[in-house]
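The structure appears right after this line, and notes come after that.
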Protein chains: 4
Amino acid sequence: MTAPPDRGTRILEAALAVFGRDGFADGSVDDIARTAGVAKPTVYSRFGDKGALFVSAMALGAEKANRRIEQVIGELDTRTADLRAALERLGFALSECMVSEEGSAVVRLQVSEGRRFQQLADQDRREAHLELLAGKLALLSSAGRLQIPDPHRAARQLMALVTADAIALSGTGTRPLSEDQIDAPVRAGVDLFLTAYGS
Amino acid sequence: MTAPPDRGTRILEAALAVFGRDGFADGSVDDIARTAGVAKPTVYSRFGDKGALFVSAMALGAEKANRRIEQVIGELDTRTADLRAALERLGFALSECMVSEEGSAVVRLQVSEGRRFQQLADQDRREAHLELLAGKLALLSSAGRLQIPDPHRAARQLMALVTADAIALSGTGTRPLSEDQIDAPVRAGVDLFLTAYGS
Amino acid sequence: MTAPPDRGTRILEAALAVFGRDGFADGSVDDIARTAGVAKPTVYSRFGDKGALFVSAMALGAEKANRRIEQVIGELDTRTADLRAALERLGFALSECMVSEEGSAVVRLQVSEGRRFQQLADQDRREAHLELLAGKLALLSSAGRLQIPDPHRAARQLMALVTADAIALSGTGTRPLSEDQIDAPVRAGVDLFLTAYGS
Amino acid sequence: MTAPPDRGTRILEAALAVFGRDGFADGSVDDIARTAGVAKPTVYSRFGDKGALFVSAMALGAEKANRRIEQVIGELDTRTADLRAALERLGFALSECMVSEEGSAVVRLQVSEGRRFQQLADQDRREAHLELLAGKLALLSSAGRLQIPDPHRAARQLMALVTADAIALSGTGTRPLSEDQIDAPVRAGVDLFLTAYGS
DNA sequence: TATGAATGAGACTTCATTCAT
DNA sequence: AATGAATGAAGTCTCATTCAT
């Protein structure tokens, strides 16, 4: 299916892996070039300098993470019979996005390097995701399954309720979580959400 | 009032400032020593090496942050007439803890260096804070002001609802927030909380 | 005649000179790089670290010294008319090898760093030299010029007799010797040798 | 018997041990002070600086080594029935002096630091030892047991013959020797000596 | 265009040496 | 006289970056 990635992509993937593992300052361009199987000057001629390479690599990483989140939200079936179960599935999947190896690496790098590279903020499509989720909730409200006066606000709240604990408990992906450590907060969050907004 | 801090403390304060500004890898011991007004070997003879210095500095930073959070939670008056206002004040104050210059620096460093320095996890007293908050909620429940079957669970949820947006919107303290960006989510969070758990 | 030596060789020559002058611990890589006319990282990328550089430099030094000794022994003419004179020439030359600037530097470094760098022992071709000399003595014995039951043993003895004093008197190359300080022991040594093994 | 050594002596012993183990450059004053159980400034106030301390420590070490050698030579019984055995015993004992832990350490330091500290040459009583041995040989010659025209010269030769191999084979005390590696050259050396000078 | 080799700058760390007590 | 703590200087090593091929 996937064609063998070209040089540029290979470099970005390598950069993402190395920066994700070692951080920006400790991730070495040498290491990246070696991992990508190219010579160092190739990296420089393609991407300028380490900072630009980092921003490009993060664009790739954020893109992947964003797509995954969008897919997860997209899969919320607003016409399901069992709404609670559907919301819980959404919550599990979102938590998984946050604590997964790759997902959490991107988050960690955004947090730790957000100050130095303000551009990283532009790569974060959080607002878009909330918009998407708000749309779903609005549909559920229209259908009379929920009573939601402000869907955007509800979307933010649902997101916070189902992901906050996974992030905190895992140390932003640093420590592995048991199934229950993910499940319990999600179920509790959905429960609270339905209590407040349920019809 | 406060006596001039001794050398050891001055070094830790300097380390916290420098690491908070530049991160662990890019924060230089030279810079820390200069900031503390001591010679570099003094730093080494006191703290061993850069990693140990970092852990010690983070202990100081976490201690400060923890104390502040504990104080904020402690100030929640469970016998207030206006419960909503009291919870909102709590939410504002907690958000402020997370996005403040020093508080967010500690959080960023915990996130970015948590992998390299697993000890940082031990400095995080999140569970203790939640216990404290759960106690307050249990009191409110006993007093009939709220209906809370599981106070620990409710504490987690309240914490998530009132702080998640401030953290996300500020880029973990990286970008300044308008008053409203803090207030609105807090008010919404408290509202949801009271809707679900209110008597 | 000799082409300008390449970078690697220049570095090794410089290292040998610096280590020979200052010892391993006090010989600085900075100094070596400057002497070789290259930048410090060039040294590191070529040779790994200071220890490996030292071992490589010693390999070069030992190689030179060994070749010289082998040549000296090789030049012993077993068919000469004046055997005493030939053996004395050999003794002078060997002594010269031991107390010469470069030769003694190698010896000093082998002695002082032999513990830390056990590999240095492998660079010492003393046994090979003795084998060579033993062969010559065996020839002389076969020709009836000497009566030598055990040529290896005799080779060791001759070597000891003609070099021990030069080494000791010069402080392993540390102090200059007068002609006579070299000549007298050599002559005495050869004399003893011929007295014992002469036909 | 021996009173508990005073502070000064304890420092010198410690210095000798540390320098002997690590060399002059790598032997640290900190380490010496710790080993001696005193504070660093005590070392400085007593001995001036590291170089002076080294020279003093070497004086102690050389003194010990010299005394031992003098005792060994002194024990050569010129009226023994079995002269060969007596000379061999002398040779073994001298070899042992050269390759023993402490003896070889002193030799290595003299070799490696002889250039920097020319004073070390004055601590070497080699000529005195040879004089002592020459006296013994002269007695043997007078008694008709040996035919020695020049006792000083013979002393030098005997010394070289019986110690050179032990020193070379052990890498100046760096590598352990088997019994035979010491014995064989000594026996061979004495044999040669007796062949040449025996009556 | 891709690379092997080179470099300037700077980081961490250690040590001999000295104050202040 | 002895010490705990402090420091200036220096050394090894690494890295982002650039020539020359």
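What you see below is based on every heavy atom in this structure, not just the backbone, and it leaves out hydrogens, waters and symmetry mates. Chain A is the first sequence line, chain B the second, and so forth, proteins listed ahead of strands; every chain is numbered from 1.
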At under 4.0 Å, does any side-chain N or O of [X] touch on OP1 or OP2 of [N]?
{"X": "D:R46", "N": "F:dA2", "answer": "yes"}
{"X": "A:R7", "N": "E:dT1", "answer": "no"}
{"X": "C:S45", "N": "E:dA5", "answer": "no"}

Notebook entry, point to check: Got a donor-acceptor contact below 3.5 angstrom from the C:E13 side chain to the C:A36 backbone?
Noted result: no

Notebook entry, point to check: Backbone N or O of A:A52 within a donor-acceptor pair of the A:S56 side chain at under 3.5 Å?
Noted result: yes

Next item on the list: Compute the ring centroids of A:F54 and A:F47, then answer whether they are less than 6.0 Å apart.
Entry: no

Round to a whole Å and report the spacing from [atom1] of [X] to [atom2] of [N].
{"X": "B:F54", "N": "E:dA11", "atom1": "CZ", "atom2": "P", "value": "18 Å"}
{"X": "B:F47", "N": "F:dA6", "atom1": "CZ", "atom2": "P", "value": "10 Å"}
{"X": "A:I11", "N": "F:dA16", "atom1": "CD1", "atom2": "P", "value": "15 Å"}
{"X": "C:R10", "N": "E:dA5", "atom1": "CZ", "atom2": "C1'", "value": "13 Å"}
{"X": "C:D22", "N": "F:dG11", "atom1": "CG", "atom2": "C1'", "value": "13 Å"}

Checklist line | Which atom of D:D22 lies closest to which atom of D:D26, heavy atoms considered | finding: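 Minimum heavy-atom contact is O-CB, 3.2 Å.
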
Item checked: Stem segments of DNA chain E by first residue number [Watson-Crick or G-U, under 3.5 Å, at least 3] -> E:2-21 with F:2-21

Would you list the protein and nucleotides 14-17 of chain E atom pairs, both N or O, that sit under 3.5 Å from each other?
from	atom 1	to	atom 2	distance (Å)
E:dA16	OP1	D:G27	O	3.3
E:dA16	OP1	D:K50	NZ	2.9
E:dA16	OP2	D:V29	N	3.1
E:dT17	OP2	D:Y44	OH	3.0
E:dT17	OP2	D:K50	N	3.0
E:dT17	O4	D:K40	NZ	2.6

Check: Quick one: which of F:dG8, E:dT3, F:dA2 gets closest to the side chain of D:T42?
Finding: F:dA2

Margin query: Test salt bridge (Lys or Arg N to Asp or Glu O under 4.0 Å) on A:R116 and A:E113; report intermediate values, then the result.
Written below: CA-CA 5 Å; A:R116 205 190 322 223; A:E113 305 303 332; 3.1 Å; yes

Next item on the list: Mind running side-chain hydrogen bond (donor to acceptor under 3.5 Å, both in side chains) on C:S104 and C:R108 for me, showing each step along the way?
Entry: CA-CA 6 Å; C:S104 69; C:R108 278 198 307 275; 3.3 Å; yes

Note to self: Please determine whether salt bridge (Lys or Arg N to Asp or Glu O under 4.0 Å) holds for the pair D:R125 and D:E63, giving the CA-CA distance in whole Å, both sets of side-chain angles, and the decisive distance to 0.1 Å.
What the structure shows: CA-CA 9 Å; D:R125 285 215 295 270; D:E63 182 59 31; 3.4 Å; yes

Next item on the list: Please work out which of the three classes, parallel, tilted or perpendicular, describes the rings of B:F117 and B:F24, given edges at 30° and 60°.
Entry: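 Perpendicular: the ring planes of B:F24 and B:F117 meet at over 60°.
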
Next item on the list: Any chance you could measure D:L60, atom CG, to D:I11, atom CD1, to the nearest 0.5 Å?
Entry: 12.5 Å

